[in-house]
Protein chains: 10
Amino acid sequence: MLFKVEMKVNVPNDIDKELFAKQVDEEKMRAKELQEQGIWRHLWRVAGQYANVSIFDVDSPQTLHDLMMSLPLFPYMEVEVTALCHHPSSIHSDDR
Amino acid sequence: MLFKVEMKVNVPNDIDKELFAKQVDEEKMRAKELQEQGIWRHLWRVAGQYANVSIFDVDSPQTLHDLMMSLPLFPYMEVEVTALCHHPSSIHSDDR
Amino acid sequence: MLFKVEMKVNVPNDIDKELFAKQVDEEKMRAKELQEQGIWRHLWRVAGQYANVSIFDVDSPQTLHDLMMSLPLFPYMEVEVTALCHHPSSIHSDDR
Amino acid sequence: MLFKVEMKVNVPNDIDKELFAKQVDEEKMRAKELQEQGIWRHLWRVAGQYANVSIFDVDSPQTLHDLMMSLPLFPYMEVEVTALCHHPSSIHSDDR
Amino acid sequence: MLFKVEMKVNVPNDIDKELFAKQVDEEKMRAKELQEQGIWRHLWRVAGQYANVSIFDVDSPQTLHDLMMSLPLFPYMEVEVTALCHHPSSIHSDDR
Amino acid sequence: MLFKVEMKVNVPNDIDKELFAKQVDEEKMRAKELQEQGIWRHLWRVAGQYANVSIFDVDSPQTLHDLMMSLPLFPYMEVEVTALCHHPSSIHSDDR
Amino acid sequence: MLFKVEMKVNVPNDIDKELFAKQVDEEKMRAKELQEQGIWRHLWRVAGQYANVSIFDVDSPQTLHDLMMSLPLFPYMEVEVTALCHHPSSIHSDDR
Amino acid sequence: MLFKVEMKVNVPNDIDKELFAKQVDEEKMRAKELQEQGIWRHLWRVAGQYANVSIFDVDSPQTLHDLMMSLPLFPYMEVEVTALCHHPSSIHSDDR
Amino acid sequence: MLFKVEMKVNVPNDIDKELFAKQVDEEKMRAKELQEQGIWRHLWRVAGQYANVSIFDVDSPQTLHDLMMSLPLFPYMEVEVTALCHHPSSIHSDDR
Amino acid sequence: MLFKVEMKVNVPNDIDKELFAKQVDEEKMRAKELQEQGIWRHLWRVAGQYANVSIFDVDSPQTLHDLMMSLPLFPYMEVEVTALCHHPSSIHSDDR
């Protein structure tokens with residue numbers, strides 16, 4: 001099943017730059033991993049913002065939640081989750 | 001280039017049911033056509049609402065606008081457009 | 001899996017009273033049916049408003065969407081869907 | 001009587017990690033206690049957020065307030081309270 | 001227990017003036033009745049708006065809901081309910 | 001004349017606890033004083049929040065402003081002021 | 001005492017043009033009258049909108065409310081009232 | 001001096017199509033006229049919406065208001081006006 | 001020409017009290033100066049908030065901007081600017 | 001293609017003044033550069049705020065995003081991007 005997840009990263013002004021850089025790298029690796037598993041199906045950058053629009057293919061909201069908690073940048077994120085389903089006018093039965 | 005377009009359809013209470021049914025059919029055909037052309041790349045239904053989340057692959061905002069104007073249900077829609085681009089953590093060079 | 005669904009019913013001022021009364025009855029029967037099937041797990045009235053807070057136990061957002069579309073009063077509703085999951089502090093493994 | 005309480009936890013970036021971990025543990029114990037007493041009737045996690053949806057069964061708003069004040073994580077919370085009551089279409093006379 | 005209820009009356013432009021005048025009278029009588037019973041404890045007009053701020057003293061949200069449903073002008077109202085309780089700095093033990 | 005004033009106290013995370021405790025005590029005394037003078041006519045706690053709903057009986061907005069400025073916790077407050085007046089359906093000529 | 005009142009006029013699409021024109025004229029006369037009495041102290045048009053910013057000098061919120069109710073265009077208005085008082089940096093003791 | 005004006009056109013569902021088509025034509029001519037006079041300096045369509053972003057070069061808010069009132073489609077518009085001025089980093093002394 | 005400017009001052013909790021007091025004094029002198037020049041035409045305090053409603057009489061938005069930048073408390077302000085013009089029902093040709 | 005970008009700069013209270021001044025200078029040079037290249041087509045200051053309204057002429061959202069990321073003040077910005085296109089009533093074929 002699919003969920004749209006929009007993530008906006010708010011970087012505190014007084015953050016430890018080194019720590020944050022490390023977290024960004026870890027986030028990148030984690031995202032790569034989840035995409036390769038087909039879980040993080042789509043990942044796009046919102047033009048002009050430190051934010052993304054993502055589509056996750058998971059077996060339950062619980063799985064979605066657990067993977068969101070696993071993201072190193074989660075503590076800096078505003079997250080909005082929208083449950084999706086097949087649109088009657090979609091020609092893609094797998095909703096790709 | 002990609003645009004996320006969220007469309008919420010507000011059906012007036014006093015609408016002509018027949019006319020609207022016809023417009024819904026036309027909308028379906030138009031959506032099918034644009035998907036087959038690869039323009040309307042993704043189309044998902046928002047669970048629980050008469051709304052969709054779509055990703056369009058167009059060559060400019062102008063093209064996006066013209067095709068939105070071509071949708072029979074446009075007059076009943078609240079539309080939100082977000083310009084997207086490649087996310088540095090995306091493993092999909094074509095942003096599929 | 002669980003979804004919180006909040007439904008606010010906006011009754012148009014110029015509605016056909018008889019038709020609406022019929023739809024309210026049908027809604028009641030439909031709600032009864034879904035509760036008996038254990039799908040519509042919780043249904044509470046928001047004090048002071050023509051609105052409810054519901055918890056649905058469904059196998060996917062698609063199922064949730066289809067049943068929402070089956071509600072006779074859906075055309076008059078503002079709907080907000082929130083995906084839920086097990087809270088680590090909950091003592092109810094079945095999230096009852 | 002029932003109240004829906006939505007709690008969103010905003011963890012300050014410069015918080016004392018140790019103190020906060022201790023408060024999280026205390027929160028868990030307090031939640032367990034209140035659930036076992038049947039006061040905190042339902043507790044669900046909002047998928048993708050450090051937030052919960054809860055249903056409290058208390059004898060008055062005062063009781064609700066006092067127990068909210070007793071939550072160790074209260075100082076970090078945005079709280080929204082909605083008074084609920086029996087829905088005429090609910091088949092559960094005890095509103096379970 | 002006390003609830004603050006804010007009611008904003010939106011009068012549709014095409015309303016039947018006679019019917020509405022009758023409903024306003026009925027509302028006034030109902031309000032008088034509830035005030036005399038000590039249920040509708042406080043009723044103030046918001047200066048400059050067709051809206052009021054009220055404090056209800058009821059035994060449960062259910063009672064509050066039922067009496068709100070009994071108000072002839074309810075169909076035209078936007079209603080906001082806030083559960084109140086004793087303030088530790090209040091010198092009025094009965095919260096008058 | 002009456003004003004509804006809603007005060008929400010946002011306690012900064014890094015506040016000097018001792019100073020704040022002292023300010024809370026001072027606030028309590030000030031509130032007691034104003035209530036005894038009949039100026040702070042009603043004071044209720046919003047269930048579940050560090051916020052209150054108050055009704056002030058003052059001779060002008062200026063008086064209201066000056067007393068708000070005199071509250072030790074004012075610097076931490078979000079304040080919303082609504083001017084009230086007699087409701088035509090109120091049976092209380094003194095708007096008590 | 002002074003109140004800022006912002007009034008936005010929403011003209012229904014299906015309004016009786018003649019009736020409305022008559023109400024506009026009556027509004028103009030009423031406004032003139034109140035200005036001449038020094039009650040409606042300032043009246044400015046918001047550039048680009050069918051809205052105004054006004055400052056009323058009245059003896060109480062009740063007076064303000066009554067005069068607002070006397071405005072022929074009140075039924076079409078969204079009204080926002082803000083209580084004002086003397087600013088410590090103002091050089092105008094009469095707040096002109 | 002420059003003003004950004006954003007105009008969103010909400011077409012009522014039950015509008016007289018012929019009348020509206022005529023008003024659209026008149027709007028087009030009026031817009032052309034004002035652009036040729038250099039008053040309506042920039043006019044862009046918001047992609048996906050019946051809305052525009054415009055920059056007006058006028059000698060005062062009054063002039064801006066009067067010309068907005070002269071637009072045939074004004075009655076259907078939500079309008080937002082923002083006063084602009086020279087940006088210290090702009091290389092265009094005439095703010096073109 | 002006239003602009004309504006609403007300024008809300010948010011004083012950071014960890015501010016240098018002495019510095020801020022000095023800035024407040026400077027603000028007061030600057031406000032006095034601009035009022036005496038007839039530029040800052042009206043200045044009122046919003047009852048209950050650290051905010052003001054002001055009317056500026058300037059020759060352009062640029063002048064307005066420059067003087068706002070000259071206010072010592074500007075860094076702590078949320079500012080909202082609304083362009084005003086003569087109201088057809090105003091009896092004051094100078095919009096005083 | 002054109003994008004409207006509105007940027008609001010929120011300067012943290014505890015910022016390193018020297019560092020920030022340097023970033024402001026760098027921002028100015030970068031803006032100058034982009035304007036000279038015709039990319040940053042229009043740049044206006046919002047009167048009364050530390051904010052701007054800009055129009056960018058870029059070949060894709062990706063280019064827009066990359067240049068926004070290149071702005072030294074980006075970390076302090078709230079950014080809103082709106083895709084624009086040719087307005088049918090515009091007399092400027094190049095949308096200048």
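Naming: A, B, ... by sequence-line order, numbering from 1 per chain.
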With 3.5 Å as the limit, can you list every donor-acceptor pair between chain C and chain E, backbone and side chains included?
unit_1 : atom_1 : unit_2 : atom_2 : d
C:G48  : N      : E:H65  : ND1    : 2.9
C:Q49  : NE2    : E:V79  : O      : 2.7

What part of E:P12 lies closer than 4.5 angstrom to a heavy atom of chain C: side chain, backbone, both or neither?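 Contact with chain C: side chain only.
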Could you tell me which portion of E:V5 (side chain, backbone, both or neither) has an atom closer than 4.5 angstrom to a non-hydrogen atom of chain C?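 For E:V5, no heavy atom lies under 4.5 Å from chain C.
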